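What follows is one structure encoded as structure tokens, with my remarks underneath.
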Amino acid sequence: LAGARSSVAGAMAMDKLTKYEDVTSYNNFYEFGTDKSDPAQNAHTLKTRPWTVAIEGECAKPGRYGIEDLLKLAPMEERIYRLRCVEGWSMVIPWEGYSLAELLKKAEPTSKAKYVEFTTLADKSQMPGVRSGVLDWPYIEGLRIDEAMHPLTLMAFGLYGEVLPNQNGAPLRLVVPWKYGFKSAKSIVKIRFTEQQPVSSWTKAAQQEYGFYSNVNPKVDHPRWSQATERRIGEDGFFAKKRATLMFNGYESQVGQLYAGMDLKKNF
Amino acid sequence: MSSAPARVVPPTRPTPRQPRRHPLLHPVAKPVLFVLCLLPLAWYAYGVVTFQLGANPAEAVIRGLGDWTLRLLWVTLAITPLRQWTGQPALARFRRMVGVFTFFYATLHLVAYAFLDMSLDLPEIAKDIAKRPFILMGFAAWLMLVPLAATSFNRAIKALGAKRWQWLHKLVYAIAIVGLMHFIWMRAGKNNFAEPAVYGAILAVLLGWRVWKRLR
């Protein structure tokens with residue numbers, strides 16, 4: 001699945017890569033359990049073929065795409081992104097995929113399409129975590145249309161040159177590198193253009209803690225912990241100091257203008 | 001006919017039974033418990049050195065030490081009810097050691113947080129305690145453990161007088177509740193209440209039993 005190095009501005013972070021073993025063993029994917037090690041242990045039951053993604057809502061050309069078509073829809077690119085989890089840890093991951101905009105443009109969104117809502121698979125028979133009441137299933141995430149169309153917003157199909165491991169959101173997932181990790185929905189089955197702002201699952205679960213934007217921002221703390229620093233997984237051993245978190249996770253020059261004039265404390 | 005000489009069978013004297021020592025009273029019982037209480041710490045030390053704690057060993061150590069603090073505190077609180085349910089008064093002699101180990105793990109948990117999470121930046125730690133309710137809860141629980149650990153030897157009991165000492169050590173109930181709140185609050189952000197619910201249910205039994213005894 002190896003693609004050519006991406007030429008999109010900001011797509012090739014210069015940071016040291018997080019080890020493949022850490023990227024694939026330390027995951028938040030509640031459909032497979034709430035412990036970080038649960039997804040790697042349980043996700044083997046996920047069936048990624050056949051797989052279709054429905055595209056609906058405010059667009060001229062809704063439709064259903066098979067995973068085989070999606071893989072061929074645009075050339076694969078390699079992109080090295082920093083991933084910052086809202087919990088205060090981070091990784092650097094080489095993804096394979098293409099800009100989500102490539103797919104969205106095919107559907108020809110109308111002028112009413114102000115937002116994009118992503119729905120992910122919630123199948124009890126494949127996903128043991130869906131039986132728990134931790135979240136309201138299926139998992140829903142959303143982006144503003146300009147965020148979704150931004151070239152850095154990635155539809156990922158692989159990592160480290162390989163097909164996505166199930167625990168990382170196979171067969172296709174979103175990667176929005178300037179937002180906290182939970183915004184990047186995994187194992188997507190539906191993409192919907194909407195006029196109203198979608199309600200994400202985490203916002204629904206705890207409105208005061210997880211906002212719609214959830215942009216990485218060291219100056220706006222989570223109500224229960226500071227977001228000023230982060231632990232880079234696998235960096236410098238057990239006693240490593242945490243590193244400073246960067247505004248928009250270091251993608252400010254690429255995405256800052258999307259939020260010009262907005263109060264980021266209010267729109268957290 | 002001669003009669004065979006009567007064989008004299010020596011009467012079997014009932015040998016005085018050696019009173020078997022109850023295993024709980026065995027002299028090695030306490031050293032064994034001491035070593036058992038050190039095993040979790042040994043595991044985490046070994047896990048760090050041999051890279052067996054996953055991708056985020058610092059988090060695993062901080063959380064693991066917190067888990068064991070709660071577990072040992074729950075064991076401490078279970079000793080009195082167990083002693084009465086099972087009719088094993090000897091259990092009482094282990095309570096102090098488990099209680100002191102609770103403080104030991106709570107202190108390690110605090111030190112691990114201060115060192116691994118906060119890089120020993122004391123002003124930042126002070127801000128963190130003031131700002132985050134779940135950190136405040138954990139810190140308050142640790143503070144309340146200090147006077148209990150400090151009065152855990154016999155001379156302290158004498159100096160305070162048994163009554164006052166017992167009154168002071170009732171603080172353990174508040175510590176358990178605050179400690180549980182610290183755990184629930186820590187998990188609340190991720191809606192992950194399965195484990196805190198188990199700890200809460202066990203604590204409800206341990207404290208409920210005491211209330212019930214009182215009211216009866």
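These numbers were taken from a predicted model, which means no experiment stands behind them. Just so we're on the same page: letters track the sequence lines, and every chain starts at 1.
Per-residue counts of heavy-atom pairs under 4.5 Å with chain B were compared for A/Met91, A/Lys19, A/Lys242, A/Glu209; the largest is that of A/Lys242. With chain B as partner, the option from A/Asp221, A/Asn28, A/Leu135 having the largest number of non-hydrogen pairs under 4.5 angstrom is A/Asp221. For the set A/Val134, A/Val86, A/Thr229, the entry with the most heavy-atom pairs within less than 4.5 Å of chain B is A/Val134. Interface check for chain A: of the options B/Met186, B/Glu59, B/Arg132, B/Lys131, the most heavy-atom pairs under 4.5 Å are formed by B/Arg132. Among A/Tyr30, A/Trp89, A/Phe182, the residue with the largest count of heavy-atom pairs under 4.5 Å with chain B is A/Tyr30.
For A/Glu87, the part sitting under 4.5 Å from any heavy atom of chain B is the side chain, from C-beta outward, and nothing else. For A/Tyr210, the part sitting under 4.5 Å from any heavy atom of chain B is the side chain, from C-beta outward, and nothing else. Both the backbone and the side chain of A/Ala205 come within less than 4.5 Å of a heavy atom in chain B.
More than 12 heavy atoms of other shown residues, nucleotides or ligands fall within 6.0 angstrom of atom CZ in B/Arg93. Within 6.0 Å of CD in A/Gln208 there are more than 12 heavy atoms belonging to other residues, nucleotides or ligands. Counting heavy-atom neighbours within 6.0 Å of B/Arg71 CZ, excluding the residue itself, gives a total above 12. Other residues, nucleotides and ligands place no more than 12 heavy atoms under 6.0 Å from the CD atom of A/Gln207.
Applying a 4.5 Å heavy-atom cutoff, the residues of residues 110-124 of chain B that approach chain A are B/Phe115, B/Leu116, B/Asp117, B/Ser119.
The shortest distance between side-chain heavy atoms of A/Lys36 and B/Asn56 does not fall below 4.5 Å. Residues A/Phe238 and B/Leu53 form no side-chain contact, since every pair of their non-hydrogen atoms from C-beta on lies 4.5 Å or further apart.
Of all heavy-atom pairs spanning B/Ala55 and A/Ile233, the tightest one is O-CG2, 3.3 Å.
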